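Shown next, in structure tokens, is the structure this report addresses.
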Amino acid sequence: MKKIIFTLALVCITAGLQAQIVSNLFSSWKLKSFGLSAGVEQDMIMNFSGNSFVRMSGYDDLFTSRDIDLDQLDLTAGICENPHLRAQAIFSPAAMPNLEIHTAMVAIINRVDAITYWSDTDLGRYDNSLTLDSWGSEVAAEMAFIRRLKAGPFSLYGGLGTNLGFTFANTMSIYGTQAIDANDLSFAETGVARFDANNGEEYTYFSDYNDISNGISQRVFAQGGASITFLRRLELGLEGRYGFGYRYHFGGKNLTTNLNSFAIFTRWNLN
């Protein structure tokens with residue numbers, strides 16, 4: 001019993017000391033500046049392919065239900081664009097005056113990932129084609145630890161950071177054309193069927209639309225920027241981020257990502 005009481009007391013004392021240290025650290029932060037930044041980033045899925053959509057969405061029969069073999073198709077195009085807006089607040093810890101702590105709330109609206117395949121094998125002027133795209137939005141909290149070099153009104157800065165986001169309103173579409181045998185044609189399942197008299201072929205347009213579960217995203221990145229300050233208060237500049245992370249939709253599988261981000265910003269310095 002004495003050992004249990006001693007252990008509980010030690011845990012309480014340790015937790016109290018840690019809480020006091022954290023409290024003192026955060027209470028010593030002084031707001032230095034605040035502002036907005038806007039830009040675009042590529043939070044690109046690594047080894048991006050049609051199978052990435054299967055992993056991301058959890059729809060294991062995405063291609064098999066239409067008897068589509070990606071190995072028989074050629075990858076022709078892919079995009080990954082994420083327009084974003086950041087509301088930033090920059091703090092300076094009293095204990096470390098040469099350090100800046102950049103915090104932000106990030107909004108990514110209408111993120112798009114898309115990829116296109118096609119094949120012209122024995123199909124005349126009608127190609128087998130396949131396009132997949134996903135759309136979604138994200139809100140994230142971000143923190144970076146930054147060191148700054150100043151020369152008059154000019155500044156260069158850099159450091160390391162991370163953010164953690166919640167993704168929502170996620171959807172996925174798959175659509176294209178597919179050559180089919182007339183015996184296999186089902187208007188109810190494949191959509192609009194046509195007949196090409198010149199080539200004696202049946203083909204169909206198809207499209208499917210699915211919701212994807214909400215999820216989380218996180219990145220760890222190196223951040224750098226350059227700015228100029230007017231009249232000691234108004235700061236204008238450019239900043240970029242490069243790093244790695246993951247994206248996970250509940251019900252799907254984890255995907256690793258590569259971050260490339262660029263933004264312009266304006267800030268108001270308080271001192």
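Everything numeric in this text was worked out from a predicted model, so none of it was measured.
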Nearest atoms (heavy-atom pairs only) where [X] meets [Y]:
X: C80; Y: Q42; result: O-CG, 3.2 Å
X: V54; Y: Y59; result: CG1-O, 3.6 Å
X: P93; Y: I101; result: CG-CD1, 3.6 Å
X: I216; Y: F250; result: CG2-CZ, 4.2 Å
X: F221; Y: A144; result: CE1-CB, 4.5 Å
X: I212; Y: T171; result: CD1-O, 3.8 Å

Say whether, by atom type as modelled, one donor and one acceptor occur between the side chain of [X] and the main chain of [Y] under 3.5 angstrom.
X: T167; Y: E138; answer: no
X: N170; Y: S213; answer: yes
X: T76; Y: T116; answer: yes

So, are E100 and K32 salt-bridged, with charged N and O less than 4.0 Å apart?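 Judged by the 4.0 Å cut-off on N to carboxylate O distance, E100 and K32 do form a salt bridge.
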
Looking at E41 and R241, does any basic side-chain N land under 4.0 Å from a carboxylate oxygen? no

Could you check, using the six-membered ring where one of them is a Trp, whether F244 and Y242 have ring centers closer than 6.0 angstrom?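 So the answer is yes for these two rings.
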
Are F34 and F91 near enough that their ring centres are under 6.0 Å apart? no

How are the rings of F166 and F168 set to each other: parallel, tilted or perpendicular (split at 30° and 60°)?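 Ring orientation of F166 relative to F168: parallel.
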
In terms of hydrophobic clusters joined by side-chain contacts under 4.5 Å, are [X] and [Y] together?
X: M96; Y: L31; result: yes
X: L270; Y: W29; result: yes
X: Y175; Y: L75; result: no

Inspect the surroundings of CG in N47 and state if more than 12 heavy atoms from other residues, nucleotides or ligands are less than 6.0 Å away. no

Approximate separation, where rounding is to 0.5 Å, of [X] [atom1] and [Y] [atom2]:
X: Q223; Y: L259; atom1: CD; atom2: CG; answer: 10.5 Å
X: F63; Y: D69; atom1: CZ; atom2: CG; answer: 10.5 Å
X: S217; Y: Y246; atom1: OG; atom2: OH; answer: 8.0 Å
X: Y117; Y: L70; atom1: OH; atom2: CG; answer: 5.0 Å
X: N110; Y: S137; atom1: CG; atom2: OG; answer: 5.0 Å
X: M44; Y: N258; atom1: CE; atom2: CG; answer: 8.0 Å

Between [Y] and [X], is there a side-chain donor-acceptor contact under 3.5 Å, judged purely by atom types and distance?
X: R86; Y: H84; value: yes
X: T257; Y: D43; value: yes
X: N163; Y: R219; value: yes
X: E235; Y: S227; value: yes
X: Q88; Y: E239; value: yes

Row check, F53 ring normal vs R55 NZ/CZ: under 6.0 Å, within 45°: no

Steps toward ring-ring contact (aromatic ring centres under 6.0 Å, His included) verdict (H102, Y157): CA-CA 11 Å; H102 288 215; Y157 63 84; 5.5 Å; yes

Of L132, T131, D133, the residue whose pairing with S173 passes side chain to side chain contact (heavy atoms under 4.5 Å, CB included):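 In the set L132, T131, D133, the residue that makes a side chain to side chain contact (heavy atoms under 4.5 Å, CB included) with S173 is D133.
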
